[in-house]
Amino acid sequence: MRILISNDDGIYSPGLACLAKAASEFGAVRVVAPDVERSSTGHAITSSRPLSYRPTTVHEFEAYRVNGTPADCVALGAHLWERVDVVLSGVNLGLNLGHAIWHSGTLAAAKQAALLGLRGIAISAPAGVEPDHGSYGRWIRRVLEVLLPASQLSLVNVNLPRSPKGLVWTRASVTQYDGRIAPAQDPMGRPIYWFTVSPLDEAEKGTDRWAVEQGWVSLTPLRLDLTDELRLDERRKVQPLDEAVAAAVSPPVSSPEAKATVREDEAESPAVAPGHD
Ligand code: MN
């Protein structure tokens with residue numbers, strides 16, 4: 001098994017070294033990670049300047065530090081090292097629970113793997129805990145024993161509590177948000193603002209936040225398709241738009257004719273305004 005390791009804390013994070021070491025018991029490991037910390041950069045990609053890498057090592061593992069985001073690192077890593085089976089991201093020095101799914105670079109690296117048709121697993125631990133091979137290695141190995149053979153899981157968000165007592169499956173706690181703006185002043189008396197994380201009330205049972213609060217390692221299977229199926233069905237019934245017309249005039253997108261038509265249209269009429277054939 002070929003295991004690509006990345007993170008958003010940067011290539012010299014102790015969490016990354018801990019994960020690489022644990023993963024090496026399951027397959028061949030290669031590290032491709034940001035050259036500096038890129039926490040909370042979400043799923044950003046670098047499109048306005050070139051990417052490059054410098055070879056280095058993390059423990060004894062072949063490693064590359066990249067001048068890009070976590071998502072860039074996974075794309076570049078999958079390009080440079082063919083036939084990657086799974087991307088592991090972390091161990092992040094800070095939990096990624098609930099709404100952190102939207103901000104987290106750790107999770108973005110795993111999401112990028114899923115977007116590329118690979119599998120991605122993000123692993124995070126509480127801030128202030130330095131994940132070393134001894135204390136957390138045992139739990140990370142158990143997480144990998146559970147998740148690596150489960151090939152139908154393309155994207156999983158894993159969070160470890162301070163002192164784990166076991167593993168549980170959870171759903172994301174998306175009804176609670178801990179992001180707040182805290183106003184302050186700079187030394188010149190001008191207003192400045194910090195985006196902060198505040199403590200939340202007790203989390204709902206069965207969620208990732210609840211599990212970690214109770215001392216369980218939380219495993220949340222995620223999917224990329226954010227379509228709200230319930231609301232979509234409801235809107236199609238109560239507020240139909242032009243679906244009937246669209247179905248009548250559009251050939252099935254999957255047919256070779258449809259693909260050829262799209263290419264032809266794009267090639268022949270790039271300057272034609274919409275609605276003018
Ligand atoms: Mn981070």
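Both counts, for ligands and for their atoms, begin at 1 and track the order of listing. What you see is a predicted model; the values in this text were computed from it and never measured. All heavy atoms count here, side chains included; hydrogens, waters and symmetry mates do not.
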Of all N/O/S atoms in Asp8, the name of the one nearest the Mn ion (ligand 1):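 The Mn ion (ligand 1) is closest to the Asp8 atom OD1, counting only N, O or S.
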Is any N, O or S atom of [X] under 2.8 Å away from the Mn ion (ligand 1)?
| X | answer |
| --- | --- |
| Glu37 | no |
| Ser40 | no |
| Ser39 | yes |

Member of Asn157, Thr220, Asp208 meeting the side-chain hydrogen bond (donor to acceptor under 3.5 Å, both in side chains) criterion with Thr170: Thr220
Worked check of side chain to side chain donor-acceptor pair (under 3.5 Å) between Glu229 and Thr227: CA-CA 6 Å; Glu229 301 288 349; Thr227 309; 4.9 Å; no
Aromatic plane relationship, Tyr64 with Tyr53 - under 30° parallel, 30 to 60° tilted, over 60° perpendicular: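 Ring orientation of Tyr53 relative to Tyr64: perpendicular.
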N/O donor-acceptor pair under 3.5 Å between Asn159 side chain and Arg209 backbone: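 No, Asn159 side chain to Arg209 backbone: no donor-acceptor pair under 3.5 Å.
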Flag, side chain of Asn67 to backbone of Ser52, donor-acceptor distance under 3.5 Å: yes
The Mn ion (ligand 1): angle it makes with OD1 (Asp9) and OD1 (Asn92), nearest 10 degrees: 90°
